[in-house]
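Predicted model, so just to flag it, every value in this text is computed and none were measured. Every heavy atom of this structure was used, including side-chain atoms; hydrogens, water molecules and symmetry mates were not.
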Amino acid sequence: MRWVRFMLWMILGVALIWVAGRLVFPVPPTEGRDTESAIPFDESTTLGPRAAEALTAHPGQSGVVPLPGGTQALQSRLALIQGAERSLDVMYYIWHDDESGLILMDTLRDAAERGVRVRLLLDDNGIAGLDPILAALNTLPDFSVRLFNPSVIRQPKMLGFALYPLRMNRRMHNKALIVDGAAAIVGGRNIGNEYFAVGDAPAYLDLDVLGVGQVVPDTARIFDEYWNSQPVLALEQVISGSGDMQAFDRAVETAQNSEIGRAFTASARTAASRMTEGEAPSMEWTTVQVVADDPAKGVGEATRSELMITRLRDILGGVDRSLDLISAYFVPGRQGSRMFAELARDGARIRVLTNSWQATDVPMVHAGYVKYRRELLEAGVQLYELKHVSGSPAGKEELGPVGSSGASLHAKTFSVDDARLFIGSFNFDPRSALLNCEMGFLIESADMARAGADAMTDRLADRSYQPMLVDGDMQWRDPQPDGTARIIDSEPDLGLFDRVLVYILNLLPIEGLL
């Protein structure tokens, strides 16, 4: 019985330490904080007349331009920030301290120093190494930084997870940039070299969209909801001191003078100027909905009707002919698997592209997907598993403490009936559905929806394994460069140890965290 008493005393001791830690390191309050609102577009600004014309000529509609290429996505951000005159509202899940991250951050600083109000909202999971930089920028008169569910202990941050595990497991996965209340970029890209095809490593396959018109004030309203929400704390509430602006200057200078930095700063161009000189030829005017979780999800207080997954299920429930879904992390769960299977059995063509075992470095997520693979195939769902790209980028903690995103697929998009297209941050997994806050654009566009479906068929299917059932047995079709295909009888690159790992992971009650 001694060991039982010992264990009880150990449990009691840990509990007392945990309670004491929460008393010493409480979560700072947000009550009484002034509510801040987005600055509407001003016709006296460069982008203002274009915004006014858009709302007048296309009432209730939005002009949208997809940004599929990393270089184009980075150039658009740089050009818009450099052209900002009144406000910049910026929210991201990950912001790296590499060349693209530092130069974009410096461009935000330049904007603040010329009088632009900059509000930067970041998830605390994805800002490794940025505490002193953010603290320095937060001292500027027109630069405010807030963090979503930040750790109250900065070093090591994992202690914050230990003290507040439920709170710290809820993250803000949103990605948005709003400029002068007149233009907005929303999509799947975080800020870092691997998201913009910067440097030698292959870039993630990802997608953003640039929007003007009605979608901009709608996006700004959602930003305000997050900026003023309970999970969001002012940076000075968790990071003390004024930071180190000189260290930031040195880091920026190094980034700008690097071969990578010189290459992309020299090519920054055109997004803002094109909108001031006239509509870009590729811009399409249509109905666009901003779909987002209520930020109360960040503290576990959002109702089911306030969850983004509820809206998306309603949208997917209306599938008649086809659904083409791309999700870097695909764990449909029992309800999702049943929904996709029913759609396929009702005659709709359902195609899903996700990462293969060799392309993902989050075994738990792949194990969660494998659990439903056979059921989906039996129902007629077509599955594609993107192959690993040699030298693919090693992202930084895309899923926090449970893994990093080293896969080459990062996009989260789907097209329905070749009529509407979703582009955003939502992965079809339990974490996106129930834990992380997510957002995106739902675009009514036959051309863009067909382009999304064609991208899967024409560009990505030939780079993917296709699992199939042949006489009840799993096989993988492996397209070859010469147009032929070889058949593999077992999951590619899944060795004996990996099979045991996947089996064990499937036994653990962790699906809700994937």
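W357 and E385 share no donor-acceptor pair across their side chains, judged by distance under 3.5 Å alone. Using a 3.5 Å distance cut-off with no hydrogens or angles, the side chains of H58 and Q214 do not pair a donor with an acceptor. Side chains of T45 and D42: no donor on one and acceptor on the other come within 3.5 Å. E85 and T46 share a side-chain donor-acceptor pair at under 3.5 Å.
The pair R373-E491 meets the salt-bridge criterion, since a charged nitrogen lies less than 4.0 angstrom from a carboxylate oxygen. Remark: R450 does not engage D418 in a salt bridge, criterion side-chain N to carboxylate O under 4.0 Å. For the pair R146 and E236, the salt-bridge criterion is not met [side-chain N within less than 4.0 Å of a carboxylate O].
Residues I488 and Y465 are in side-chain contact: their nearest non-hydrogen atoms beyond the backbone lie under 4.5 Å apart. Counting only heavy atoms from C-beta outward, the side chains of F248 and L137 approach each other to under 4.5 Å. In this structure, L353 and S464 have side chains that are in contact, with non-hydrogen atoms separated by less than 4.5 Å. Between L108 and F143, the closest side-chain pair of non-hydrogen atoms falls below 4.5 Å. In this structure the side chain of L312 reaches within 4.5 angstrom of the side chain of F422, judged on heavy atoms. Within the 4.5 Å cutoff, side-chain heavy atoms of V212 are placed close to those of M283.
For D208, the salt bridge (Lys or Arg N to Asp or Glu O under 4.0 Å) partners are R77, R189, not counting sequence neighbours. Residues passing the side-chain hydrogen bond (donor to acceptor under 3.5 Å, both in side chains) test with E444: none are found, sequence neighbours excluded. Legend: residues meeting side-chain contact (heavy atoms from CB on, under 4.5 Å) with D249, ordered by chain and number and at least two apart, are R109, M245. With sequence neighbours left out, the side-chain hydrogen bond (donor to acceptor under 3.5 Å, both in side chains) criterion links E99 to N193. Remark: R117 engages I39, D89, R119 in a side-chain contact (heavy atoms from CB on, under 4.5 Å) (not counting sequence neighbours).
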Atom pairs and distances, donor-acceptor, side-chain atoms in residues 148-162, under 3.5 Å, two or more places apart:
from: N149; atom 1: ND2; to: R167; atom 2: O; distance (Å): 3.1
from: N149; atom 1: ND2; to: R170; atom 2: O; distance (Å): 2.9
from: N149; atom 1: ND2; to: G298; atom 2: O; distance (Å): 2.9
from: S151; atom 1: OG; to: I153; atom 2: N; distance (Å): 3.2
from: S151; atom 1: OG; to: I153; atom 2: O; distance (Å): 2.6
from: S151; atom 1: OG; to: K157; atom 2: O; distance (Å): 3.3
from: R154; atom 1: NE; to: D131; atom 2: OD2; distance (Å): 3.0
from: R154; atom 1: NH1; to: D124; atom 2: OD1; distance (Å): 3.3
from: R154; atom 1: NH1; to: D124; atom 2: OD2; distance (Å): 3.0
from: R154; atom 1: NH1; to: S151; atom 2: O; distance (Å): 2.9
from: R154; atom 1: NH2; to: D124; atom 2: OD1; distance (Å): 2.8
from: R154; atom 1: NH2; to: D131; atom 2: OD1; distance (Å): 3.1
from: R154; atom 1: NH2; to: D131; atom 2: OD2; distance (Å): 3.4
from: K157; atom 1: NZ; to: D124; atom 2: O; distance (Å): 2.6
from: K157; atom 1: NZ; to: D124; atom 2: OD1; distance (Å): 3.1

For L120 and L134, what are the C-alpha separation, side-chain angles and deciding distance, and is it a side-chain contact (heavy atoms from CB on, under 4.5 Å)? CA-CA 9 Å; L120 178 60; L134 295 173; 4.0 Å; yes
Determine, stepwise, if the pair S432 / D429 fulfils side-chain hydrogen bond (donor to acceptor under 3.5 Å, both in side chains). CA-CA 6 Å; S432 284; D429 58 20; 3.3 Å; yes
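Panel note: side chain S62, backbone G211; no donor-acceptor pair is recorded below 3.5 Å. For N169 (side chain) and P165 (main-chain N/O), no donor-acceptor pair under 3.5 Å exists by modelled atom type.
The aromatic rings of W95 and Y92 lie perpendicular to each other, with more than 60° between the two planes, well past the 30° mark.
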